[in-house]
Every structure is written in structure tokens, then in C-alpha cells.
Amino acid sequence: MAMTILAIKEVVEFEDTFLQNKIERRAYEQREKAIRDYYSYMSAFKEEGLEQGLQEGITLGMKKANINTAINLLKLGVDVDTIVKGTGLSIQDVEALKIKIK
């Protein structure tokens, strides 16, 4: 208990000294602001990265869905031009799928 009281007394004395020294206090405030800014920027970049990853995942998923649709349509005997129009895939992509599934 005595150790705790002594530690508290030392902290209070240090705080009093610190508060009287404007240069140290200003430096401390600047360090704290820099730390807060850093975490704020990192949080914003994290959000941006998550959003970008989500968009890339959606795009990839749509591309795979279009490929699967094209494969199914090819198996049903639908012509290449109709598949291109319906899926948005290129003629080359559909032709390559046609060769692949034979």
C-alpha cells in the first residue's frame, strides 16, 4: 500500500512539473496528435482497401457466373453471338470455352 501511495505521489509531482513546462507539454500534445492522425489515416486506408477488395470480389464472381452461363448455353447448342450478347464475354472467350468443353 505504501508503495502505491509513493508511486501516486511521484506521478502527481511529475504531472505538476510537466504542466508547468510549456515546451514539453506542447511536444507531448504534438506526439499525441500525430498518433491520433496515424490511426485515423490507417483506419481510412483499411476501409478503402476493404471496399476495393469487395468490388474486385464482386467483379470476379460476376465473371465466373458469366463463364458458367456461357458453358451451359454452349452445351445447349446456343450460338456464340447470342452467348456473347447475353453474357458480355468476348467472342474469343466464348470460342475458347467452346473448344474447352468439347
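- Hydrophobic clustering, defined by side-chain heavy atoms of Ile, Leu, Val, Met, Phe, Trp and Tyr closer than 4.5 Å, groups Ile58 together with Leu54, Met62.
- Qualifying side chain to side chain donor-acceptor pair (under 3.5 Å) partners for Gln52, counting only residues two or more places apart in sequence or in other chains: Glu56.
- Residues passing the side chain to side chain donor-acceptor pair (under 3.5 Å) test with Asp81: none are found, sequence neighbours excluded.
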Kindly list each side-chain donor-acceptor pair under 3.5 angstrom involving residues 29-42, sequence neighbours excluded, with atom names and distances?
from  : atom 1 : to    : atom 2 : distance (Å)
Lys33 : NZ     : Asp37 : OD2    : 2.7

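- The side-chain contact (heavy atoms from CB on, under 4.5 Å) test applied to Lys100 returns no partner, not counting sequence neighbours.
- Grouped by direct or indirect side-chain proximity (heavy atoms under 4.5 Å, Ile/Leu/Val/Met/Phe/Trp/Tyr only), Ile71 sits with Ile67, Leu73, Leu74, Leu76, Val78, Val80, Ile83, Val84, Leu89, Ile91, Val94, Leu97, Ile101.
- Looking at residues two or more places apart in sequence or on another chain, you find no side chain to side chain donor-acceptor pair (under 3.5 Å) involving Glu47.
- Annotation: side chain to side chain donor-acceptor pair (under 3.5 Å) contacts of Thr82 (sequence neighbours excluded): Asp79.
- Screening residues 82-92 for salt bridge (Lys or Arg N to Asp or Glu O under 4.0 Å) gives no qualifying pairs among residues at least two apart or on separate chains.
- Considering only residues two or more places apart in sequence or on other chains, Lys63 meets the salt bridge (Lys or Arg N to Asp or Glu O under 4.0 Å) condition with Asp93.
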